[in-house]
Amino acid sequence: MIVAKNIHKSFGDKAVLKGIDFVFEKSKTNLIIGRSGAGKTVLLKALVGLIAPTRGEVWYDDIDFYKLDIKAVRKLRKKVGMLFQGNALFDSMSIEDNVRFPLDMFTNMSDKEKSTQVNSVLERVELGGVNNKYPSEISGGMQKRVGIARAIVMEPEYLFCDEPNSGLDPKTALIIDDLIKDITDEKQMTTIINTHDMNSVMEIGENILLLDQGKVVWTGDKDRIIESNNKFIDDFIFASPFLKNMKNKAFGLEQSD
Amino acid sequence: MIKRQFYHLGEYVLWLQKVFSRPEKFKMYYKETIRQIDEIGLGSLKIVFIISVFIGAVTAVQLSYQFGDSLIPTYYIGYALREMEIVELAPTITSLVLAGKIGSSIAAEIGGMRQKEIIDAMEIMGVNTQAYLVLPKIVAAIFSIPMLIIIAAALSIFSGFLAAVSFGDFIPSDFIKGLTSFYDSYTVIIMIIKSFFFSFIIITVSAYHGYFVKGGSIELGKAGTKAVVYSDIFILVFDYLIAQLMMG
């Protein structure tokens with residue numbers, strides 16, 4: 001579980017986060033959603049420690065993250081995995097070496113044990129047999145899966161995903177969503193996903209936080225979204241007139257133009 | 001402007017403290033160091049070879065022109081060429097050229113990693129990115145660049161000898177007499193000390209500009225340019241300081 005307490009973040013005069021309080025639950029896919037510029041990425045980076053908040057606390061279970069010294073932060077980070085929007089793979093390394101990197105850096109496993117672990121996570125993300133290829137030789141969807149494989153190879157307790165579906169077609173995006181959801185269930189991780197992908201929200205949104213202009217404007221799960229009358233939900237999820245009409249039809253409400 | 005330069009100086013010093021941290025795993029740093037020796041050292045041999053040959057030849061030709069009709073004994077050309085190459089030209093010119101070749105490449109490599117969030121990804125894994133990305137390069141450069149400079153000095157003296165003997169009115173024995181006259185090993189020590197300082201400057205200044213790059217491809221290009229310009233400036237400043245301290 002990760003708890004955000006009164007997170008504020010400003011860049012100069014511009015306040016990007018204005019007092020975020022939220023509990024990101026264990027074994028659930030927690031989604032941070034909102035329009036572009038709402039503060040999603042800043043919040044995700046504040047939670048993972050890439051951007052220090054101006055004020056507020058982030059708790060990883062019973063650990064106050066921003067009270068830790070750099071050594072303790074690095075120790076905690078061995079329990080953290082992250083999938084980046086652009087995948088952040090090492091271009092000059094093969095897929096196997098990319099996934100193996102954290103094991104090489106932080107474990108005393110034998111080469112055989114490392115290979116077994118790498119093959120196991122690559123199989124888990126359905127990428128068996130691509131070990132010797134380079135990131136530039138595989139598709140965007142496959143690169144995402146390699147990113148996921150690298151994020152989970154150390155068996156983390158906390159998984160962060162920054163826009164995991166960006167640049168993917170809807171079908172591949174759903175596959176990636178399901179993969180993240182399944183892995184979260186299997187490994188009992190606290191997974192936090194930053195997205196503005198509608199399909200993701202409706203597919204895997206077990207604990208959702210909607211941001212607007214740096215403030216929490218709605219929380220809930222995917223089942224509550226449909227019936228919510230929240231104006232921000234309407235503006236974000238049912239942004240197009242087509243979807244608005246669909247919703248109104250479904251609930252027998254007055255149709256919009 | 002001055003305030004900004006002091007800000008960067010302070011940030012550079014703080015960043016260097018993180019660079020010199022205990023490695024997470026020596027084996028990984030060792031592997032990276034070997035890779036860097038290959039890139040920095042072996043990868044620069046060709047350019048060092050070319051510039052040394054021409055610098056030595058040009059210096060010999062110009063010295064023979066200057067000394068040609070004077071009362072200065074001709075063997076002094078060999079002596080002057082040796083001193084110039086060892087004390088100044090080999091370490092300084094080679095380092096200025098290497099700042100352009102290695103410096104821009106390091107700034108682009110690390111800056112590209114910053115822009116593609118690879119540095120963030122490594123931070124999330126728990127890697128000390130300052131140390132892992134920079135320390136092996138420093139070790140590799142401090143090992144390779146002095147060797148390149150020694151090679152440059154030897155090659156330029158040899159090419160100077162060939163140029164002077166082939167196109168000048170000098171007999172080889174005169175030139176060799178000059179080369180072996182008034183030899184003081186202290187000048188070689190100065191050359192080695194300079195090469196250590198210049199290696200450190202090239203790597204750290206370039207890596208610093210790459211590490212803190214912000215924005216897109218234009219900023220990455222600017223970081224590469226700054227890496228070379230500031231490395232060159234610092235090389236010349238330290239060239240003067242070392243000369244002043246050791247020979248002044």
Side-chain angles (χ1 to χ4, degrees), chain A residues 11 41 44-45 47-52 68 70-93 97-109 111 114 135-136 143 146-148 150-154 156 158-163 166 192, chain B residues 7 11 14-36 38-40 43 105-106 108-137 210-217 220:
Chain A
F11 294 101
T41 301
L44 192 82
K45 288 190 171 177
L47 292 173
V48 81
L50 288 174
I51 294 177
L68 299 176
I70 188 69
K71 269 190 181 172
V73 166
R74 293 211 168 109
K75 195 174 164 197
L76 176 70
R77 279 185 169 158
K78 302 205 175 67
K79 297 180 189 171
V80 174
M82 185 158 177
L83 171 64
F84 283 82
Q85 190 173 354
N87 307 319
L89 300 176
F90 301 102
D91 301 329
S92 58
M93 289 186 190
D97 288 344
N98 262 284
V99 178
R100 195 186 160 110
F101 182 83
L103 299 175
D104 283 337
M105 193 58 121
F106 297 112
T107 70
N108 291 317
M109 293 163 89
D111 280 350
K114 283 181 207 164
S136 59
Q143 287 182 16
V146 176
I148 295 171
R150 188 177 66 183
I152 61 169
V153 74
M154 294 282 282
Y158 314 97
L159 178 65
F160 294 83
C161 304
D162 186 14
E163 306 272 6
S166 69
I192 302 178
Chain B
Y7 167 81
E11 195 174 48
L14 291 172
W15 174 78
L16 275 183
Q17 283 178 358
K18 290 178 188 157
V19 168
F20 289 101
S21 309
R22 192 174 176 278
E24 294 92 343
K25 203 161 195 189
F26 277 99
K27 194 179 165 191
M28 291 292 281
Y29 279 65
Y30 173 75
K31 264 171 73 177
E32 184 60 14
T33 305
I34 298 297
R35 193 177 76 82
Q36 293 298 334
D38 184 44
E39 274 193 22
I40 295 171
S105 146
I106 287 176
E109 178 192 329
I110 297 181
M113 291 175 88
R114 165 68 72 200
Q115 289 182 336
K116 286 180 166 180
E117 295 183 305
I118 293 172
I119 292 181
D120 284 346
M122 291 167 87
E123 283 285 340
I124 298 298
M125 289 175 203
V127 177
N128 175 354
T129 53
Q130 293 95 333
Y132 182 68
L133 294 175
V134 185
L135 197 53
K137 289 182 172 63
Y211 193 86
F212 290 104
V213 75
K214 285 185 180 119
S217 52
L220 187 58

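A quick note: this is a predicted structure, and the numbers were derived from the prediction, not measured.
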Hey, is NZ on K78(A) packed in by over 12 heavy atoms from elsewhere, all under 6.0 Å? yes

Taking everything shown except F11(A) itself, do over 12 heavy atoms lie less than 6.0 Å from its CZ? yes

Please state whether the side chain, the backbone, both or neither of M28(B) comes within less than 4.5 Å of a heavy atom of chain A. side chain

Not counting sequence neighbours, list each pair that qualifies as a salt bridge (charged side-chain N to carboxylate O under 4.0 Å, His left out) and has a residue in residues 122-132 of chain B. R77(A)-E123(B)

I want to check something: taking the side chain as every heavy atom from C-beta on, are F106(A) and V127(B) in contact at a cut-off of under 4.5 Å? yes

Does Y30(B) have more than 12 heavy atoms from other residues, nucleotides or ligands lying within 6.0 Å of its OH? no

Whatever's closer than 4.5 Å to a heavy atom in chain B on L89(A) counts as backbone

Rounded to the nearest 0.5 Å, how far does CG of L50(A) lie from CD1 of I119(B)? 11.5 Å

Correct closest heavy-atom pair for L103(A) and K25(B) would be O-NZ, 4.4 Å

Just wondering, do F101(A) and M122(B) contact through their side chains at under 4.5 Å, heavy atoms? yes

Do K27(B) and D104(A) meet the salt-bridge criterion of a basic N to acidic O distance under 4.0 Å? no

Quick check: do K18(B) and I70(A) have side-chain heavy atoms less than 4.5 Å from each other? no

Kindly indicate, with the supporting measurements, whether the criterion side chain to side chain contact (heavy atoms under 4.5 Å, CB included) is fulfilled by I124(B) and F84(A). CA-CA 11 Å; I124(B) 298 298; F84(A) 283 82; 4.0 Å; yes

Can you tell me how far apart OG (S21(B)) and CZ (R74(A)) are? Round to the nearest 0.5 Å. 7.0 Å

Of the backbone (N, CA, C, O) and the side chain (C-beta and beyond), which part of N108(A) lies under 4.5 Å from a heavy atom of chain B, both, or neither? both

Output yes when E117(B) and K45(A) qualify as a salt bridge under the 4.0 Å nitrogen-oxygen rule, no when they do not. yes

Any side-chain heavy atom of M82(A) within less than 4.5 Å of one from M125(B)? no

